[in-house]
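Please read the structure below before turning to the comments.
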Number of protein chains: 2
Amino acid sequence: MVRLSDVAARAGVSMGSASRVVNGHPGVRPEIRERVRTAARELGYRPDPLAQGLRARRSRLVTLVVPDITNPFFAELARELELDCAARGYQLVLRNSMESPATEYDALLSALDHRPSGIVVVPTAGTTALPATGDVPLVVCDRRLPGGAAPTVVSDNRQGASAATAYLMGLGHRRIACLAGPPGVHAADERLAGYLALTGGTPEGHGPVVRGPFDYATGQRAARELLDLDRPPTAILAGSDQQAIGVLHACLNRGLRVPDDISVCGFDAIALSALTSPALTTVRQPVRRIAARAMEFLLGPRPPDPAGFPAPAGADDCAGAGDSVGARDSAGARGSTGARDSTGAADSAGASDSAGARDSTVAGSSTRAADPSAPHSDVRNAPAPHPAEPDADLPHPAAPVLVSLPTELVVRASCAPPPEGTRTP
Amino acid sequence: MVRLSDVAARAGVSMGSASRVVNGHPGVRPEIRERVRTAARELGYRPDPLAQGLRARRSRLVTLVVPDITNPFFAELARELELDCAARGYQLVLRNSMESPATEYDALLSALDHRPSGIVVVPTAGTTALPATGDVPLVVCDRRLPGGAAPTVVSDNRQGASAATAYLMGLGHRRIACLAGPPGVHAADERLAGYLALTGGTPEGHGPVVRGPFDYATGQRAARELLDLDRPPTAILAGSDQQAIGVLHACLNRGLRVPDDISVCGFDAIALSALTSPALTTVRQPVRRIAARAMEFLLGPRPPDPAGFPAPAGADDCAGAGDSVGARDSAGARGSTGARDSTGAADSAGASDSAGARDSTVAGSSTRAADPSAPHSDVRNAPAPHPAEPDADLPHPAAPVLVSLPTELVVRASCAPPPEGTRTP
DNA sequence: CTGAAAGCGCTAACAA
DNA sequence: TTGTTAGCGCTTTCAG
């Protein structure tokens, strides 16, 4: 193993200088800089993250806690987060809470032991509070905590469900059932709310509502239940694609044709949803952007790729252009104040949201300065971040950020107008 | 943050003693032991894994590199590995190679920087060699590397495919198509071999063979292709459940009934396979045991759960009792020699295999002593592992272990006898 | 602008 | 049996 001292020796300089060069600190004579770089290259020097971590009291780890990685939506989220981490030189630690608040809590605690650079958590249904993270930034994804106690990135579930409902109603459906996720899970509640918002005011009132876990089996069970009703619905709005696929199969098993006899709509737009038959009409969650936003929150804006690959165009979720948020956009208000890194983000409450963040690092917008030690960022022009304004030292003045990303209705083949004779009862 | 020195101070002992107690080293006066424990508890002491890692030149991390966590099979594998890690006090680092050998290589390199306790890798199709891991144990899972250059845990893909083929043939099928995974992926090749072994000798010869990625889309595409043949097959044996589901949908879309018109068989038994309609007949890979075996190889036998939960009965893959291996079982031959931890395992070549490993830690069977620093294992009776026999110092004398776990045919509803008139051409 | 030195928190020798 | 001490590899004052 080659240590920094080896590099320093070979370059004929002190460890201090070697370290400064390797970390791209300014104020090193170009000649020295060059010698160190050469030595490092020749020796194949790789800094030891453990030692760096011990010193910096921070490891280059980002911990993700999900209920169950086996859920395709979480798998996609994990993948995006991991890819983002990798691009930044971080590693993603994966933990499954198995929907158990206690397990989740333990996972968080032991994650904290490793002093990660950040934590992303998709809380269980039963989670009421998270352990104190000290100075480790944490962001809640996909679901929301009661009280919004932590910075959160979600998609606009209510809007998504409303869009789907509206679409179904536009098709002529009047008896739309809603299969919603488990009570207490914010995403589930929101989707239900989005559905109720449109159907509740209807002359017929809203259709039957069933709730249960976001899984396949629940979809099957619920569909059977719904189909056994006196006047079965002509459309079922599911709370997840997994549920929807369960519903689909249950309907098919009953000999119903989808969408001719009954329409089914999912939520999430997982990869599989495009490949069922019929392909599932569903609501796309912008997983990529959720992941990007979460990472951005934890680690600051993603540095431009060193090698200079001009961002592989073709992200699949660039549909909705601007993010929709229930708060003012305060992108500019941050950078210049050099907000300190603490669990809460920048300053006042509300969501900060710079649209099109993925395109590239927004020019003037400086970072959250969460972790100023970019890996090998020899290149970086790091202008020695100004120490934070004193006011940033307040004990996390309850400034929970909430970013709510717009979803997108993906119209495929599983929905159609209701069969004749069911339009009006 | 509370350090060991704090604990020591409070207990009125030296750091050395405190350390010894915390790490369960023998030879500490009970009274001291008690005082330290109390102090630690009262202070809520948690050792700093970074510092431990720096010292021990080993972090409590296990890195998993998979092609794509979005693949349900890998997600299941990841979950099992993670759960196992968690139970041992380790953390699982997740990396996606995206089927790119270069990405995989980088992932491995940066993983190595963190000095993980072990590495599990599911190699890409293009992987020919892995970087040297130094003294970090590495195990290949699910797929095999050409040349079997590394210790490997796989399921017996050939046997599984043969079982499925035999089943189909027994049903009366004579024109069985095989949709196999990508060439170069060992699991794919093996499954194909298992199929050919039975159909090749048949009077009709084997049916059409198509190859492609293990994904849904490939299933659809291939099915269409197969169905367009002059004499389409009466059964399709897919290389994965994802493919099979694609096949299923393609068939359904063509108006074919499954299994009445055509039979479809999958491979893997992912959760979803039970929930399609018809439910998929498939070959179960013992994911749990694969994961358990891999972890066991890396970290040694899993210590009995401290709290004493008597192992939540009901593992879903306890079907085949003994593992089938192409080598002698040398379980006893290991422990007593106190094999050193190096990339290669115990001693001579061949697979070592102690059946029923999950039941509990086999009594007398001592560990590989890979990482003698069990977490807080105050309890452990660690008999100061004898220094390895000198012969263990040989430069990894090409002793690749290969464990091949039996699969199990899961008969569900997607296969039936061929339609009348197709039995004999 | 560069070098020397002090630790980060912990464990393992080595002494006592 | 217990205490003392020397680092693990790195970054960062602090002098020069």
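To find a chain, count down the sequence lines: A is the first, B the second, and so on, and within it residues start at 1.
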Using whole Å, report how far [atom1] of [X] lies from [atom2] of [N].
| X | N | atom1 | atom2 | result |
| --- | --- | --- | --- | --- |
| B:Asn23 | C:dA12 | CG | C1' | 11 Å |
| B:Arg20 | C:dA15 | CZ | P | 15 Å |
| A:Leu4 | D:dC8 | CG | C1' | 14 Å |
| A:Arg58 | D:dG9 | CZ | C1' | 19 Å |
| A:Arg46 | D:dC10 | CZ | P | 12 Å |
| B:Arg33 | D:dT1 | CZ | C1' | 12 Å |
| B:Leu43 | C:dG9 | CG | C1' | 15 Å |

State which residue, out of A:Arg57, A:Arg115, A:Arg58, fulfils the side-chain hydrogen bond (donor to acceptor under 3.5 Å, both in side chains) condition with A:Asp135.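 The option that passes is A:Arg58.
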Which of these passes side-chain hydrogen bond (donor to acceptor under 3.5 Å, both in side chains) with B:Asp113: A:Arg46, A:Gln91, A:Arg60?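 Of the listed residues A:Arg46, A:Gln91, A:Arg60, the side-chain hydrogen bond (donor to acceptor under 3.5 Å, both in side chains) partner of B:Asp113 is A:Arg46.
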Taking the minimum atom-to-atom distance to the side chain of [X], which one of [options] wins?
| X | options | result |
| --- | --- | --- |
| A:Arg3 | D:dG9, C:dA12, C:dG3 | D:dG9 |
| A:Met1 | C:dA12, D:dG9, D:dG3 | D:dG9 |
| A:Asp48 | D:dT2, D:dC10, C:dG3 | D:dC10 |
| A:Tyr45 | D:dT12, D:dC10, D:dT2 | D:dC10 |
| B:Arg57 | D:dC10, C:dT2, D:dC8 | D:dC8 |
| A:Val28 | C:dC10, C:dT2, D:dC10 | C:dT2 |
| B:Met15 | D:dT2, D:dT12, C:dC10 | C:dC10 |

Closest nucleotide of DNA chain D for B:Ala18 versus for B:Leu54: which of these residues is on the 5' side?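 In this pair, the answer is B:Ala18.
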When the nearest nucleotide of DNA chain D is assigned to A:Ser19 and to B:Gly12 on a heavy-atom basis, which residue is associated with the more 5' position?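 Comparing both residues, the 5'-ward one is B:Gly12.
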Using a 4.0 Å heavy-atom cut-off across all strands, classify B:Ile32 as base, sugar-phosphate, or nothing.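 The residue B:Ile32 makes sugar-phosphate contact but no base contact.
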Hey, is the side chain of B:Arg29 poking within less than 4.0 Å of OP1 or OP2 on D:dT2, counting only N and O atoms?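 Looking at the OP1 and OP2 atoms of D:dT2, one of them is under 4.0 Å from a side-chain N or O of B:Arg29.
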Is any side-chain N or O of B:Ser17 closer than 4.0 Å to OP1 or OP2 of D:dG3?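 Checking B:Ser17 against D:dG3: at least one side-chain N or O falls below 4.0 Å of OP1 or OP2.
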B:Arg302 and B:Glu296 ion-paired at < 4.0 Å: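 Here B:Arg302 does not pair with B:Glu296 in a salt bridge, since their nearest N and O are not under 4.0 Å apart.
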In Å and rounded to the nearest 0.5 Å, what is the SG to CD1 distance from A:Cys141 to A:Ile119?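 Spacing of SG (A:Cys141) from CD1 (A:Ile119) equals 12.5 Å.
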I'd like to check the side-chain contact (heavy atoms from CB on, under 4.5 Å) partners of B:Ala11; sequence neighbours left out, ordered by chain and number.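 Residues passing side-chain contact (heavy atoms from CB on, under 4.5 Å) with B:Ala11: B:Val13, B:Arg35, B:Val36, B:Ala39.
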